[in-house]
Structures are given as structure tokens and as C-alpha cells.
Asker: 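For reference, the structure I am asking about is given below.
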Amino acid sequence: MLNIYIAGAGSMGCRFGYQLTKANNTVTLLDEWEEHIAAIQSKGLSVTGEQEDNIDIPIMKPEEAEQPADLIILFTKAMQLSSMLQKLDHIMNEETKVVCLLNGLGHLEEIQKYVPRENILMGATIWTAQLESPGKVKLSGDGGIHLQSVEKSGESFGQELIQLFNEAGLNAEYDQDVWPSIWRKACVNGAMNATCALMDANINEVFSSSHGFTLIKKIIKEFVQVAEKEQVHLDADEIYDYVVSASKKVGEHYPSMHQDLIQNKRLTEIDYINGAIVKIAQKYDVETPYCEMMTELIHLKEDILL
Ligand code: NAD
């Protein structure tokens, strides 16, 4: 049986840790948040939402892990990825596979500084989760995962991983070209997250004004133009229609950047979403004024609030 570590046991790490453990896998959570570690070590991981449950699951700081890892599932926030990777070296060997399902762009460049490319799998997930308090995670709604090994030689492990995720009810699909899924997710986040955070608004409120529609359309257009330069083909109309139709289902929702910045006064992943578009666009001399402005305004708000 694979020895699995989840590196970053916040909302998503707890969801994956819970579901994989329930499917009889050997899973250890790694995190640095002392209160959360203490709560799970003393009372187990509590799950609320569509099901109520409590499981025993090992959790420790990354530095304390001793057994070699067969699989590491990364689930820090984007700006925490590098500091986490630096703490995992002692449990990685040449066989250790590492999967990244973080939101945003640019993670492969960071991971490959620490892990050989043939051991890396990249993907995107539309599962969600929310930590309610230390040791307690709320799970609701459906989701899925698209993933692919970075090198062709990693494909057979990729297929094994799909089976492992599916046995845990995580609804995973192997994708022969996962980059459009990763960019599409970044584009949806790039359109809605910063807008809701800056306006201190939920999705419905943004779409209650024609200015909201205009702004969202302009941001999507910039993502699609830059993706095209990177040989990733996205359909701006399809993404726009998706965002608008999603607003009818989850309009009351405050996206994660609103939760991070406005509700919890935490740094955001903006540099890996709109900010990443600005950076990539510079290589091609493409102008991305909307993404640039959103990135600057979010950093300004971070400086004001934090
Ligand atoms: P989170 O902030 O809830 O969890 C991150 C955890 O990593 C925290 O508990 C933190 O203590 C830990 N951590 C960070 N750096 C560390 C370090 N160096 N050493 C030890 N522990 C460290 O984040 P999340 O909401 O679970 O999101 C994780 C990723 O998944 C993000 O990229 C996010 O955008 C993406 N995502 C989140 C959701 C969601 O619904 N929450 C949905 C889809 C994708």
C-alpha cells in the first residue's frame, strides 16, 4: 500500500485526507498550524456538512515525518508552496511521486526545482472545502479532478492514481492534455476572485451591474490571449457563459480570495492568478491592463489590511 502524505492540511488537504483514509489508504497529514495539529491529534478530524463524521488520522509537522513517501499530495496555498517543498526533502526519494492540484499558474516551475519531472503530476480540481475551526472541516457539493503526469513515462502511475482517487469518491480523470483545465480554472478564478474581494461583494452582487459583466469579460479576454501565446487554447465565450451560469447556482458565494483577504485578513494567491498572466504576457509583449490593475489593487488592499 502506498505511503501517502498530504502536504498542507488546510481545507482541501483535510477533504482529500478524509476521503482517502475512508477508502482504506495510509495517509498522513503534514501541517505547521499548531492548534490544528493538536485538535486532530487529541480529538480526530471532524467532518461536517453533507455528512457528519470523525476519523483518526495522523498529523504532524513536515519536519517530523520519518517514513519515506510514495506519494505526496500538495495542498498549500500557492505562495506557501516553496517553503513546504523545502521541508519535504528528507521523505522524498527517487521513486516519490508528487501531485499538485493547487489553483493558479507557475507551480510546475517551482516543483521541478525539488522533484524530477518524471515524478510530477499536475492537475486541477473543482472540489471545495472549508475549515470551520482547528480540526473541523465542512464538506459539501460535488467536484472532480483532471490530472496528467508531466512526462509520458509517468502515465502508468497517473492511471493508478486516478483509480486510487476514484475509489475514494474523488471523481478523477486522466487527461492527455491537462493544461487547458489548469488555465481555465485560473481564468475563472482570475475573473471572479479579485473582483469580489475588491468590491467586497458576492458573485450575485458583481453580476447585478452591467459594469460587472464588462469587467469580467475584459479579464477573461486577457487570460485567453496570454494562454494562446503559451499554446493553450481556451474559449473566451465558453468561459464567460460558464461564469455567468455558475453565478445563477452559487451567486451567494464569496470566492476564496474574499474569504482570505476580507474575512480572514490573509495574503492572497493573486500573484499566481492575475499576476501570473501579467508576468507571462511580458514575455510576449502583450498588454494585460486589467489583470495588472487587479493585481496592484489586491496587493494594495493586502498592505492596508494586513
Ligand atoms: P488552506 O489555507 O486552508 O490550507 C493550506 C495549509 O497549508 C494550511 O493549513 C497551512 O498551515 C499549511 N501550510 C502552508 N505552508 C506550510 C508550510 N511551509 N509548512 C507546513 N504547513 C504549511 O488552503 P486551501 O483552501 O486548502 O487551498 C489549498 C489550495 O487548493 C490553494 O491553491 C487553493 O486555491 C486550492 N483550492 C482550494 C479550494 C477550497 O475550496 N478551499 C478549492 C479548489 C482549490
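Fair warning: this is a prediction, and the values are worked out from it, not measured in the lab. Residue numbers run from 1 in the order of the sequence given. Read the numbers this way: they start at 1 and go in the same order the structure lists the ligands and their atoms.
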Asker: Do Leu306 and Leu297 share a hydrophobic cluster (ILVMFWY, side-chain heavy atoms under 4.5 Å, transitive)?
Answerer: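 Yes, it is one cluster - the side chains of Leu306 and Leu297 are joined through contacts under 4.5 Å.
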Asker: Here's a test for you: under side chain to side chain contact (heavy atoms under 4.5 Å, CB included), which of Asn274, Thr288, Val286 qualifies with Glu222?
Answerer: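 Of Asn274, Thr288, Val286, side chain to side chain contact (heavy atoms under 4.5 Å, CB included) with Glu222 is met by Thr288 alone.
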Asker: Applying the side chain to side chain contact (heavy atoms under 4.5 Å, CB included) test to Arg184, which of Asn189, Leu234, Val224 qualifies?
Answerer: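 For Arg184, the side chain to side chain contact (heavy atoms under 4.5 Å, CB included) check succeeds only for Leu234.
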Asker: Please tell me if the side chains of Phe75 and Ser11 come closer than 4.5 Å, counting only heavy atoms from C-beta onward.
Answerer: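 They are not in side-chain contact.
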Asker: Whether the side chain of Glu269 engages the backbone of Ala78 through a donor-acceptor N/O pair (distance < 3.5 Å, no angle test) should be reported.
Answerer: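 Between the backbone of Ala78 and the side chain of Glu269 there is a qualifying donor-acceptor contact (under 3.5 Å).
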Asker: With a 3.5 Å distance limit and no angle check, can you tell me whether Glu292 reaches the backbone of Val278 through a side-chain donor-acceptor pair?
Answerer: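 No.
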Asker: Does ligand 1 have any N/O atom under 3.5 Å from a protein N/O, and what are those pairs and their distances?
Answerer:
| residue | atom | partner | partner atom | Å |
| --- | --- | --- | --- | --- |
| ligand 1 | 2 (O) | Lys77 | NZ | 3.3 |
| ligand 1 | 3 (O) | Ser11 | N | 3.0 |
| ligand 1 | 3 (O) | Ser11 | OG | 3.3 |
| ligand 1 | 9 (O) | Asp31 | OD1 | 3.3 |
| ligand 1 | 9 (O) | Asp31 | OD2 | 2.6 |
| ligand 1 | 11 (O) | Asp31 | OD1 | 2.6 |
| ligand 1 | 18 (N) | Ser83 | OG | 2.8 |
| ligand 1 | 18 (N) | Lys87 | NZ | 3.3 |
| ligand 1 | 19 (N) | Glu32 | OE1 | 3.4 |
| ligand 1 | 19 (N) | Lys87 | NZ | 3.0 |
| ligand 1 | 21 (N) | Glu32 | N | 3.2 |
| ligand 1 | 26 (O) | Ser11 | N | 3.3 |
| ligand 1 | 26 (O) | Met12 | N | 2.8 |
| ligand 1 | 32 (O) | Asn103 | N | 3.1 |
| ligand 1 | 32 (O) | Glu269 | OE2 | 2.7 |
| ligand 1 | 34 (O) | Asn103 | ND2 | 2.9 |
| ligand 1 | 34 (O) | Glu269 | OE1 | 2.6 |
| ligand 1 | 40 (O) | Ala129 | N | 3.0 |
| ligand 1 | 40 (O) | Ala129 | O | 3.3 |
| ligand 1 | 41 (N) | Ala129 | O | 3.2 |

